[in-house]
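Data first, discussion second: the structure below is written as structure tokens.
Being a predicted model, the structure only gives us computed values, none of them experimental. Every chain is numbered from 1 and lettered A, B, ... according to where its sequence line falls, protein lines coming before strand lines.
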Protein chains: 2
Amino acid sequence: MTIKPEIQLDQFGLRSTGSRIAVLAAFQNAGYALSQGDIEQTLSSQFDRVTIYRTLKSFLASGLLHKVLDDQGSIKYALCQDMCHQDTHQHDHVHFKCTQCGQTTCLETVHIPQIILPENFIKQESNLLIQGVCRGCNS
Amino acid sequence: MTIKPEIQLDQFGLRSTGSRIAVLAAFQNAGYALSQGDIEQTLSSQFDRVTIYRTLKSFLASGLLHKVLDDQGSIKYALCQDMCHQDTHQHDHVHFKCTQCGQTTCLETVHIPQIILPENFIKQESNLLIQGVCRGCNS
DNA sequence: CTGTGTGCAAACACTTTGCAGGTGT
DNA sequence: ACACCTGCAAAGTGTTTGCACACAG
């Protein structure tokens, strides 16, 4: 189920403003990762481009969104899930980008296996992007 | 050991020109992933910025380089290794980006484990970027 | 000689910054 | 009331395209 944007914003210590509610709702509706450009289109320029950049930045900082890597270099964002709260995050899931529909989704159920690094390397964070054909396009 | 740029270019069906030799040599010397900007700096603007973009593009197309993801969205490139030839590629190794020195290296010896995707997802390619502290900086 | 690569100029796309005015709490 | 958010303008950065000339094979 989907939490009402105003409430979720409040939970993350963010003020409820028009643009924030709209951007958050866009993520909730999409269900997949969005870039700044995607959001601008979705909201059909209701809000200034700059505002969206700043909104994304504050969402990232507050822990409402996490970054999703892309093979084209365009950074995308996705909603953090239940295991994530303002401070504790849980992001070891796999991201899947479909080469047909272009959508990048979080596969919450698929986790990044533990990787053994060579001596003296310290791991802090990891990102796994798998590309291929998604369920919807594979028919 | 390092192959002479002219010979390697020829092996991949590319003409030997000044910029291509210089760019390829830059990758050989660096030993880690470079972005367009890194190359421009390394070659201290000996060549036009546009030429470098086009050189990278042709290297990618011919299979001499492969893309390396970055958490900032700036795409980097790294030399393909021995297992790679014009047609057959082998890129299931891990990329490691050091948060201190900023270098992204290919950990050729660390492979991406097999991931089991949900029903009906077809995997074509995968990219694993691990961030942390590298051997050199961890002292 | 021929087709491909290069340099320059310009266009295009993406992101950030400064500032004045508006808004949530 | 106050701090924070927004919109606009502008600058900064990264990447692509068109065209004339140069060069590798």
Gap between atoms [atom1] and [atom2], on [X] and [N] respectively (whole Å):
X       : N      : atom1 : atom2 : answer
A:Ile21 : C:dT25 : CD1   : C1'   : 14 Å
B:Phe59 : C:dT4  : CZ    : P     : 17 Å
B:Lys67 : D:dT15 : NZ    : P     : 11 Å
A:Gln72 : D:dT15 : CD    : C1'   : 13 Å
B:Gln36 : C:dA13 : CD    : C1'   : 15 Å
A:Asp70 : C:dC14 : CG    : C1'   : 14 Å
B:Glu40 : D:dT15 : CD    : P     : 10 Å
B:Leu56 : D:dG14 : CG    : P     : 14 Å

message: Quick test of your reading: applying side chain to side chain donor-acceptor pair (under 3.5 Å), list the pairs with at least one residue in residues 71-80 of chain A, sequence neighbours left out, ordered by first then second residue.
response: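 Matches after skipping sequence neighbours: A:Asp71-A:Lys97, A:Asp71-A:Gln131.
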task: Please report the shortest heavy-atom distance between A:Ala22 and A:Phe47, naming the atom on each side.
output: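 Closest heavy-atom pair between A:Ala22 and A:Phe47: CB-CE1, 3.6 Å.
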- prompt: OP1 or OP2 of D:dT15 less than 4.0 angstrom from a side-chain nitrogen or oxygen of B:Tyr53, does that happen here?
  reply: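 Yes, within the criterion.
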- prompt: Phosphate oxygens OP1/OP2 of D:dT16: is one of them under 4.0 Å from a side-chain N or O of B:Lys57?
  reply: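 It does, given that an N or O in the side chain of B:Lys57 lies less than 4.0 Å from OP1 or OP2 of D:dT16.
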task: Carefully, step by step, assess A:Leu64 and A:Cys80 under the rule side-chain contact (heavy atoms from CB on, under 4.5 Å).
output: CA-CA 6 Å; A:Leu64 189 49; A:Cys80 288; over 6 Å; no
Residues forming a side-chain contact (heavy atoms from CB on, under 4.5 Å) with A:Ile7, sequence neighbours excluded: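 side-chain contact (heavy atoms from CB on, under 4.5 Å) list for A:Ile7, sorted by chain: A:Ile3, A:Lys4, A:Gln11.
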- request: State whether a side-chain donor-acceptor pair under 3.5 Å links A:Thr55 with A:Ser19.
  value: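 A:Ser19 and A:Thr55 do have a side-chain donor-acceptor pair below 3.5 Å.
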statement: Quick tally for nucleotides 4-13 of chain D: nucleotides whose base has a protein heavy atom under 4.0 Å get B, sugar-phosphate-only ones S, the rest -, giving BSBBBB----
task: Walk me through it: do B:Ile130 and A:Leu117 pass the test side-chain contact (heavy atoms from CB on, under 4.5 Å)?
output: CA-CA 10 Å; B:Ile130 298 184; A:Leu117 295 177; 4.0 Å; yes
